[in-house]
Amino acid sequence: MESVHKDFEAVKKSVISKDREFKGLNDDHSIRGRIVFYAFHLTLLVVYFFYSIYRGFEYARNKIRIKLLNLAYNPAQTPQIIRVDVNKLSKIPKRISAVVNLKSEEEEGGGFYGLLNDCSEIVAWTVASGIPTLSLYERSGILKQSVEELRVAIHKKLDDYFGCDCVPVFTISIPHLNQTFWGLDHDDDDEYKSLEPDIEVSLLSSNDGKPTIVELTKTMADLAYKKEMSPKDVTVQLIDNELTELIGAEPDLIILFTPVLDLQGYPPWHIRLSEFYWEPDNEDVTYAIFLRALQKYSTCKINVGK
Amino acid sequence: MKLIPAFVTNSSPVVWLNNFTRKAIANMLATGTVPEHVALIMDGNRRYAKTNGLPTQGGHEAGSATLLEIVDVSLQLGIRHLSIYAFSIENFNRSKEEVDLLFSLLVERLDTFLEHRERVDKAPAVRIRIIGNKSLIPPQTLYRLENIEKITQNNTQLVLNVCFAYTSRDEISHSVGVLVDKFVNHETTRVDIDEIAIYNNFYFGPETPPVNLLIRTSGHTRLSDFLMWQVCEDSHIEFLNVYWPSFTSYHFYAILVKYGYFESAQLAVDKLNSYTSSMISYVEDEPRKQTELHRLPPHPPFVSVLGKR
């Protein structure tokens with residue numbers, strides 16, 4: 001009984017003592033110190049246990065909420081419905097970006113063709129909303145390697161939404177390679193290319209993030225070495241101009257179709273004032289998430305530094 | 001309107017119980033995974049003041065009190081770096097009166113903070129660093145800030161990085177400019193210009209660990225040009241819908257429980273993956289077995305329902 005009382009006193013002392021921080025506690029290798037450490041750690045594990053139960057409920061609640069939202073918002077492949085939804089908003093972004101993931105083949109809507117379908121759906125919703133610029137960020141860069149498949153998928157989806165005679169004019173660009181593809185197969189069609197694109201889609205991957213800034217630094221270093229510029233010329237404005245030229249302008253809204261807010265190496269220069277939208281525990285690319293992102297954006301106050 | 005009257009919350013048993021609980025939670029959390037570097041965007045001082053019918057200065061003062069509390073908690077938990085977004089370069093767009101007020105408040109608050117810490121600690125624990133484009137800070141303010149940096153430079157328990165006249169884009173440009181200059185002066189080679197070199201030439205310096213957790217209060221879901229390079233990969237970002245002065249240590253504990261839980265879970269998954277991949281590679285490294293059927297041991301005798309034949 002005496003020893004139990006002593007242990008209790010030790011725990012109490014370590015808790016309320018002003019100058020005895022945990023760091024000291026962890027360094028205390030005496031038996032009493034170890035007991036106190038494991039007592040706290042055990043409590044933490046119990047807290048984690050209860051948190052995991054809470055997370056289970058939260059996950060189920062979020063999933064049900066997303067399912068209900070998907071039932072409530074269904075564009076039914078009809079651009080008019082999307083436009084009516086969007087026209088209820090006070091403002092919409094000019095440039096949006098979507099972060100998508102290549103899911104495993106085993107998942108429903110997963111695999112490479114699932115990703116193509118997701119991307120083409122986003123393009124259709126964006127163009128129906130009247131937003132002219134979209135960048136699709138997929139970390140590994142698989143979209144960039146499959147432009148031909150992607151343009152077929154986008155064309156087919158736009159055909160489903162708008163009808164075969166009214167497919168909007170679209171371009172797909174890979175900023176990193178400075179390549180632009182027009183429509184389904186209109187790269188050599190000057191008449192098609194003379195039209196103003198209804199939507200410009202650019203494909204981004206992790207290569208467009210930090211590695212591009214490193215490459216730009218090397219290029220500037222070479223130029224400075226050849227006396228074609230001075231190190232003092234390196235300013236925010238210059239880098240911004242170059243990166244806008246290389247990757248495109250900063251998006252107003254980034255929609256993450258991921259369960260958590262994970263930027264996955266998204267180009268850091270381009271997330272200065274961008275609004276983020278993600279739905280906790282959501283892994284699917286659905287219209288409800290897209291629309292809710294636009295709804296949230298419409299309520300945002302934009303005030304640089306003020 | 002407060003639910004519990006002030007005389008109850010300020011009574012000594014309640015204060016004692018509050019301190020006891022906070023200390024117990026801190027000691028408990030510290031036995032798990034704690035972020036090494038936490039960054040804070042302390043947003044909402046002015047809206048808090050407006051909501052509570054206070055002058056703007058009242059909101060900033062309440063925000064300073066919250067910061068003191070969070071620094072105390074960080075010390076208890078063993079967090080090594082705390083970075084705060086005190087003043088953005090874009091904030092120079094505010095009225096001159098407010099900019100001057102913020103400058104004087106910052107210096108004043110840092111002085112008060114040092115006095116507070118000296119009172120609480122037997123040995124001062126917090127090192128204050130001013131991070132940002134110092135060429136934009138008025139000389140008189142800069143002199144006072146550098147003096148505070150000098151006084152605290154030998155403290156090691158917690159580094160409080162005060163981002164002042166800072167934006168992430170300015171920091172990246174600064175680093176790129178330094179590297180270009182070094183290359184021209186033959187202090188670095190083309191091969192050595194990489195992501196690590198850019199990070200090492202930030203205002204934060206190479207000794208600052210990566211940001212593990214970024215918290216922004218007041219409900220805005222954007223970074224506002226703060227630590228973009230540092231958090232665009234492998235960082236936890238938390239956006240909270242409370243004004244900074246209303247942010248308490250209990251909000252912080254809740255975020256840290258979540259952080260510790262997910263980090264521990266991630267660690268367990270990584271361990272499992274490395275274990276299974278090592279098992280797979282072990283199996284793959286083994287030469288493929290060649291088994292001939294007739295070399296297997298003889299099977300037991302046949303017994304058929306139709307009788308022995």
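No experiment lies behind these values; they were computed from the predicted model shown. Chain letters run A, B, ... following the sequence lines, proteins first and then strands; every chain starts at 1.
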**Study point:** Contacting moiety of A/Ile239, where chain B heavy atoms sit under 4.5 Å
**Key:** side chain
Exercise for review: Would you please classify the geometry between the A/Tyr225 ring and the B/His186 ring as parallel, tilted or perpendicular, with 30° and 60° separating the classes?
Suggested key: perpendicular
Revision key, fill the gap. Looking only at A/Ile213, A/Leu42, A/Asp262, the option with the highest number of non-hydrogen pairs under 4.5 Å against chain B is A/Ile213
Review point. When you look at CD of B/Glu187, are more than 12 heavy atoms from neighbouring residues, nucleotides or ligands closer to it than 6.0 Å?
Key: yes
Check your understanding: Considering only heavy atoms, which portion of B/Leu223 lies under 4.5 Å from any heavy atom of chain A: side chain, backbone, both, or neither?
Key -> both
Study note, to complete from the structure: Output for pair (A/Leu238 CG, B/Ser173 OG), nearest 0.5 Å, gives 8.5 Å
Study note, to complete from the structure: Whatever's closer than 4.5 Å to a heavy atom in chain A on B/Thr188 counts as neither
Review point. How close do B/Val176 and A/Met220 get, heavy atom to heavy atom, and via which atoms?
Key: CG1-SD, 4.0 Å
Exercise for review: With the side chain counted from C-beta on, respond yes when B/Met228 and A/Trp269 share a heavy-atom pair under 4.5 Å apart, and no when they do not.
Suggested key: no
Revision key, fill the gap. From the list B/Glu233, B/Met28, B/Arg169, the residue making the most non-hydrogen contacts under 4.5 Å with chain A is B/Arg169
Exercise for review: Using a 4.5 Å cut-off on heavy atoms from C-beta on, say whether the side chain of A/Asp222 contacts that of B/Arg190.
Suggested key: yes
Exercise for review: Might you confirm whether atom CD1 of B/Ile196 has over 12 heavy atoms from other residues, nucleotides or ligands at distances under 6.0 Å?
Suggested key: no
Revision key, fill the gap. Answer key: most heavy-atom pairs under 4.5 Å with chain A among B/Cys232, B/Ser235, B/Ser175 is B/Cys232
Revision key, fill the gap. Whatever's closer than 4.5 Å to a heavy atom in chain B on A/Lys227 counts as neither
Check your understanding: Should we count NZ of A/Lys94 as having more than 12 external heavy atoms under 6.0 Å?
Key -> no
Check your understanding: Is it the backbone or the side chain of A/Thr217 that comes under 4.5 Å from a heavy atom of chain B, or both, or neither?
Key -> both
Review point. If you count heavy-atom pairs under 4.5 Å with chain A, which of B/His236, B/His174, B/Lys258 comes out on top?
Key: B/Lys258
Review point. What distance separates A/Lys218 NZ from B/Asp192 CG, expressed to the nearest 0.5 Å?
Key: 9.0 Å
Check your understanding: Is B/Lys50 atom NZ crowded by more than 12 heavy atoms from other residues, nucleotides or ligands, each under 6.0 Å away?
Key -> no
Review point. With chain B, which of A/Gly209, A/Ser52, A/Pro211 has the greatest number of heavy-atom pairs at distances under 4.5 Å?
Key: A/Ser52
Check your understanding: Looking only at heavy atoms, which two atoms of A/Ala221 and B/Val180 are closest? And how far apart?
Key -> N-CG2, 3.9 Å
Review point. Quick one: NE2 on B/His220 to CD on A/Glu275, what's the gap to the nearest 0.5 Å?
Key: 8.0 Å
Review point. Side chain, backbone, both or neither: which part of A/Val47 has an atom under 4.5 Å from a heavy atom of chain B?
Key: side chain
Point to revise | Residue part contacting chain A, namely of B/Lys182, when any heavy atom lies under 4.5 Å | key: neither
Study note, to complete from the structure: Okay, A/Ser274 and chain B: the region with an atom under 4.5 Å from a heavy atom over there is backbone
Exercise for review: Let me know if B/Phe226 has heavy atoms under 4.5 Å from chain A in its side chain, its backbone, both or neither.
Suggested key: neither
Check your understanding: What residue, out of B/Gly260, B/Gly32, B/Ser264, has the most heavy-atom pairs lying under 4.5 Å from chain A?
Key -> B/Gly260
Practice item. Sort B/Leu29 into side chain, backbone, both or neither according to what part of it lies under 4.5 angstrom from a heavy atom of chain A. Key: both
Check your understanding: Considering only heavy atoms, which portion of B/Leu179 lies under 4.5 Å from any heavy atom of chain A: side chain, backbone, both, or neither?
Key -> side chain
Practice item. Give, as side chain, backbone, both or neither, the part of A/Gln264 having an atom under 4.5 angstrom from any heavy atom of chain B. Key: backbone
Exercise for review: Return yes when atom OH of B/Tyr250 has more than 12 non-hydrogen atoms of other residues, nucleotides or ligands closer than 6.0 Å, and no otherwise.
Suggested key: yes
Check your understanding: Judged by atom type as modelled, is there a donor-acceptor pair below 3.5 Å linking the side chain of B/Thr221 to the main-chain atoms of A/Phe276?
Key -> yes
**Study point:** A/Glu250 versus chain B, the contacting section by heavy-atom distance below 4.5 Å
**Key:** side chain
Check your understanding: Does B/Ile237 reach the side chain of A/Leu263, with side-chain heavy atoms less than 4.5 Å apart?
Key -> yes
Exercise for review: Under 4.5 Å heavy-atom distance to chain A, tell me which part of B/Phe262 shows up: side chain, backbone, both or neither.
Suggested key: side chain
Check your understanding: So which of B/Val184, B/Ile25, B/Asp225 has the largest heavy-atom pair count under 4.5 angstrom toward chain A?
Key -> B/Asp225
Study note, to complete from the structure: When every non-hydrogen atom of A/Tyr48 is compared with those of B/Thr33, the smallest separation belongs to OH-N, 4.4 Å
